Every structure is written in C-alpha cells, then in structure tokens.
Amino acid sequence: MSKQEQTAISPTRMENYPEWYQQVIKASEMAELSPVRGCMVIKPWGYGLWENIQRLLDDMFKVTGVKNAYFPLFIPISFLEKEAEHVEGFAKECAVVTHHKLEKGENGRLVPAGRLNEPLIVRPTSETIIGDAFSKWIRSYRDLPMLINQWGNVVRWEMRTRIFLRTSEFLWQEGHTVHATKNEALERTYMMLDIYKRMAEELLAIPVITGEKTEAEKFPGAETTTCIEAMMQDRKALQAGTSHFLGQNFARASNIRFQSADEKEELGWTTSWGASTRLIGGLIMAHGDDNGVILPPRVATAHIVLLPILKKPKESETVMAYTMDLADRLRQFYYHGTPLRVEIDARNIGGTRNWDWIKKGIPLRVEIGPKDIASNSVFMARRDMDRKQSRSITIDRFLEEVGDILDDIQKNLFEKALAFREKNTRNIDDRETFDAFFTPANPEQPEIHGGFAMAHWCGDRKCEEAVKNRLNVTIRCIPFGGEETSGICIECEKPSPKRVVFAKAY
RNA sequence: CGGGACGUGGCUCAGUCUGGUAGAGCACAGCGUUCGGGACGCUGGGGUCGCAGGUUCAAAUCCUGCCGUCCCGACCA
C-alpha cells in the first residue's frame, strides 16, 4: 500500500465533481436512492439536518406572525387550470391520480380500477388549493394579512434527477400570504427573502446573493420572483430559496376578495415563498471536502462525537463511565438555544470509527482515553481543520469553550465559502472574455470552470436566450443593491444600467 | 424525450468477444493477536449475474423487449 495521503472520498472534487457528490452522500449515510424512480430515502443523518433547518426556519417565520396549517396532497385538475401561466409551468411535470382502487387482473397482478370522475394531481405546489381556502376564510380587510405556512412534500415529475438537488418528490415549506395592498405584499416578499438569506448565511454558513429573477426564470404565475443564489464548489449556482410577489393573479384565479375599510370589494394581493430539502444538497456542495461532508454546527445533526479509547477491560469501565459523564455534562450546555447534540461511539473497530465520523462531517470529534482522564483533558479534532491539528485540551477549558469553538467552525465555514465565491466572481465586459470564462478546456470531460460573471444585460429576453443557447449559462438574478453602473449588454451591446449575475446553474 | 456508457454478494469490480450453470478486494460475523488505531491472522455467512422472453444438450456470456443508474442535451427548486 502506498503511504501517500489518501482521501476518504474517491473520486476527489477535482477529478469528478458530480461523482464526488454522490459518493459523499453515500459515505455519510445521509440519503440513498429508492426503488421508486427519481425519489430518495432520507436517512437519519440527513433527516436530522432537515429537522434542524425546519425548526429554526419555522421559528423565524413565526416571529413574523406566520402560522402553520396543512392542505391536501391532492389537487383537482380544475384548480390548476385557473391561472394560465401557472398551468403552463407545471402541467408538464404533474403526477396524476386517475383511479381509486386496485383489482386482481390477469396473472393475479393488481391493476388500477375505479376511474375517478375528475382526476387529481399530486401537488407540485399549493397556490391553487390554498387560494381556494383563502377565498372562504377572507371576508374583510380585518382578516388580513393572512399569513400561512405549510410543511410538506410536493411532486414534480422530473426528467433528470439528482439526490437532494432535484428529485421527483421533495420536502419543503411553502408560505402563502394575502394582503390588502400591493405594498404590503411586496414588503412581505422581501421580508421572507431576507429570512432565507439569514437562514442560508447564519445557519448553513452559505453566502448568498439576493436578487430578482428575469421574466424567463420567474415562477409561473408570479409578478416577480426573488431568490437567494449560492455558489457551489464547482462554481455553479444553486437557487436555495425563493419568494414570490404574485400580484393579484392568484387572487383573481381563486377569487380571494375582501371588503376594504371604505366598504369597497377588492382583490387580495398574495405572496408565496419556499425552501426545500435542496438546501441539504447545497450544504454538501458548499462545504464538503475530499474526506466527506462538513456540517455547520448550527444545523449539524450532532455537534460532537465522543470516542472512548477502549483497550484493557479494566480501564474500559473507567473510560466508559467518564465518557457517559462527559456526555451528560455537554448535553446540559445550550448552544444557540438548543442543548448540544452529543453522540457516543464506543465501537471497538480501530481507526475506521474516526473516519466514519469524518465522512459524516460532525463538527467535533473528541477522544477520551486513560491518559486524558489522568490529565483531566480530552483530545479534540475539528472537522474544518486538518486532522493533524488535533489537540489536547483540559476538560474544564473544553466545557468552557465548546460553544466558542463551534461558533468558530461556523464562522470559518462561512468565510471559506465567501472567499471562494469572491475568488470566482468576475466583472466581465466583453463577449470574448465572457465566452472563454464559461468554456471548459476539455469539453469531453469538462473540468471545473467558470463562476459568477457580473455582466451587463440590456433586459431583452432574446439576449438572455442567446447566451443560454450558446453556453448553457443563465441569468441567475438581477442582484439587489450593487451600484448602478452603465455599460453595454454582453450579447447585443445595447446600453444597460446594471450588471446581472450570469452562471451555469443546478 | 434524444445521444453515449453501464447494470455480476452491502460496496468497487473481474469473468461476456471465443456459451460448459460464479470469483477477487473491501465490508459483515466469530475467535485470537494488536491498537490513542483507516491493524493482522484464521474461520465463516452472503449472489438463481437488473427483469421478461427466445436460441441451445447447456446462457452472467448469444438474440429481442422492458426497467433502472450515470454522463451530455431539452425542462426545472
């Protein structure tokens, strides 16, 4: 065997990024493919992340007055038909329920029977069915704003699937609100986008750009779609959350009307906003390295694993007792409002045990052996640092500093990701440079290339499409903020007031 | 849905061209020796070779169809 440093994940990110992504998920036991085409099984280590994201996001929503509710999985086709653009956008990828029972057919196989009068679709999103409820719930301006969120699953029949990033069924949250005025609805749209930005940056440690989608990229039926866009380590963009201003389109379609203070009947103004299990894919691709996942402490399924060094039976008893006691003490520590999540792995399987946790990306590994106990210390390794930087630390200091250490990991991950994005974001002003930026040296086996190109765009859909056809590069968003600098469109050279974010995307 | 590759124990793959009814490494279980360590030895369990037909005395191997996975396009969170 060669003695050179071997990575736990093969291939490495540089060698083959898509394959690395799949191997990381397998090695970390976060999820796996299911027997159902395009659907995944989320395993405990992955689902734990989702639970944390869910809880923290939910808290942020509730602070702004949002309440949770639940609406049906099935939607009558006639509901989807109500909003023209909406149908256009989703009809192509709907799972349709046409029967309500099974009967024994030939060969004893079960066959669908009992055809439904009106087929149902499995929700690809719930604007229409929630709109229908809202139309009944809302009578007067006193009922507004209506602020509802639903945690659930949706189905979109995808051509090509990728675990966590694009599966036929995925878990998400969809918020739906109704307001008396346009401004209030717009305000809510931006408020929720800001929550997503905070969630991504503060909890997932993923820096994001906020902005507005172009006409071509916006949600079917929306007036405007806003989004957070993150850069993955292959320099592609990932849309990690969206918030839509729906104008009065869905209010009209679902007949959401209210009586205003001056006794007039008016149409409501609605918004919707969502974030999904795709976030987990983003987390993996933003922070993972060639040894596996690296979990940001704020959402990590577990924060710390205790690894007792068990040798001789006599010592083992002491070491185990000590380990259990340390676990208890750690669990009494509150990290950002929740008790530390501590695992104990007492398997006596040699170094494999350590590597299992490295691949899973747990922020802190703590070894406890007889020598540590004798010196009142533990041996601690941080997942965000080199393995050789493990160090001995006294128990007292560890207990005192554990929160700071986790915060430091969190901060370190964010800063690394931010530096990476900045390194791979460029202002580009001419087409030659632009095309070169997005063209791999070896098209047969494309190496990691490109990034975010901040370039001028005239606003014409045709130019956007031309770029997409030529390079498979799209406008990820028209970023908020940023200075208004006039320039010329990267495609047609007509004047443009502002740079937009061009990138290849997931 | 188009173009390409692939489908053999849990994982990675050999065997397929030139049919003779399954192999390796890793993982798993037991025992022992090691061990602040991705250890080693011995022993053992586990596969009707994606599915369904067909050709043949005989099919993982040849033929047809289907299903699934991955990559590249079209579509999308």
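Chain identifiers are assigned alphabetically (A, B, ...) following the order of the sequence lines, protein sequences preceding nucleic acid strands; residue numbering begins at 1 within each chain. Please read these numbers as outputs of a predicted model, since none were measured by experiment.
Of the nucleotides present, B/U43 is the one that pairs with B/A29 by Watson-Crick or G-U wobble criteria, both distances under 3.5 Å. Pairing for B/G20 goes to B/C57, judged as Watson-Crick or G-U wobble with the two contacts each under 3.5 Å. In this structure, B/A5 forms a base pair with B/U69, meeting either the Watson-Crick or the G-U wobble geometry with both donor-acceptor distances under 3.5 Å. If you check B/U48 for Watson-Crick or wobble pairing at under 3.5 angstrom, you find it has no partner at all.
Each of A/K26 and A/E217 was assigned the nucleotide of RNA chain B with the nearest heavy atom; the assignment lying further toward the 5' end belongs to A/K26. Both A/S168 and A/I373 sit near RNA chain B, but only A/I373 has its closest nucleotide nearer the 5' end.
If you check every strand for non-hydrogen atoms under 4.0 Å, A/T242 touches nothing. Note on A/F219: nothing from the nucleic acid sits closer than 4.0 angstrom, heavy atoms only. Residue A/E367 is in base contact, counting any heavy-atom pair closer than 4.0 Å across all strands shown. A/T167 comes within contact range of at least one nucleobase, with a heavy-atom separation under 4.0 Å. Within the nucleic acid shown, A/L238 has no heavy atom closer than 4.0 Å to any nucleic acid atom. Looking at heavy-atom distances under 4.0 Å, A/P370 makes contact with a base. Within 4.0 Å of A/G38, counting heavy atoms only, lie sugar-phosphate atoms of the nucleic acid but no base atom.
Nearest to the side chain of A/N472, among B/C70, B/A74, B/G68, sits B/A74. With distances taken from any side-chain atom of A/R353 to the nucleotides B/G36, B/C75, B/G37, the minimum falls on B/G37. The A/K468 side chain lies nearest to B/C75 when the options are B/G38, B/C70, B/C75. The side chain of A/A8 lies closest to B/G38, out of B/C71, B/G38, B/G37.
Atom-to-atom, CD1 of A/I349 to P of B/G30 comes out at 13 Å; the value is rounded to the nearest Å. A straight line from CD of A/E29 to C1' of B/C11 spans 12 Å, rounded to a whole angstrom. Counting to the nearest Å, the C1' atom of B/G73 and the CG atom of A/L471 are 14 Å from each other. Between the P atom of B/G68 and the CE atom of A/M159 lies a distance of 12 Å, rounded to the nearest Å. Atom CD in A/E19 sits roughly 15 Å away from atom P in B/C6 (whole-Å rounding). Rounded to an integer number of Å, the gap from CD of A/E158 to C1' of B/G68 is 18 Å. The CG-C1' distance, from A/D356 to B/C28, rounds to 13 Å in whole Å. For the pair A/R37 CZ and B/C66 P, the computed distance is 16 Å after rounding to whole Å.
For the residue pair A/H176/A/S272, the side-chain donor-acceptor check at 3.5 Å is not satisfied. Side chain to side chain, A/S243 and A/T189 fail the donor-acceptor criterion of an N or O pair below 3.5 Å. There is no side-chain donor-acceptor pair under 3.5 Å between A/R365 and A/S390. Between A/R123 and A/N153, the side chains place a donor N or O and an acceptor N or O closer than 3.5 Å (distance only, hydrogens not considered).
Nucleotides B/U12 and B/G47 are separated by 15 Å at their C1' atoms, to the nearest Å. Taking atom C1' in both B/G25 and B/U21, one finds a spacing of 24 Å when rounded to whole Å. Comparing B/G50 with B/C17, their P atoms are spaced 15 Å from each other, to the whole Å. Atom name C1', nucleotides B/G30 and B/C13: the rounded distance is 28 Å, in whole Å. Comparing B/G20 with B/C62, their C1' atoms sit 14 Å apart, to the nearest whole Å. Taking atom P in both B/G36 and B/U69, the straight-line distance is 46 Å, to the nearest Å. When the C1' atom is compared between B/C35 and B/C72, the two are found 48 Å apart, to the nearest whole Å. The separation of B/U61 from B/C6, taken at their P atoms, amounts to 16 Å, rounded to a whole angstrom.
In terms of heavy atoms, A/A27 sits closest to A/K359 at CB-CD, 3.8 Å.
Pairs passing the side-chain hydrogen bond (donor to acceptor under 3.5 Å, both in side chains) check and including a residue from residues 154-168 of chain A, sequence neighbours excluded, do not occur.
A salt bridge between A/K218 and A/E212 is absent, with no side-chain N of the basic residue lying under 4.0 Å from a carboxylate O of the acidic one.
Outside the 6.0 Å centre-distance limit, the rings of A/F437 and A/H449 are not counted as a close aromatic pair.
If you check distances only, the side chain of A/D372 does reach the base of B/G36 with a donor-acceptor pair under 3.5 Å.
Look at A/R160 and you'll find a side-chain N or O under 4.0 angstrom from OP1 or OP2 of B/C72.
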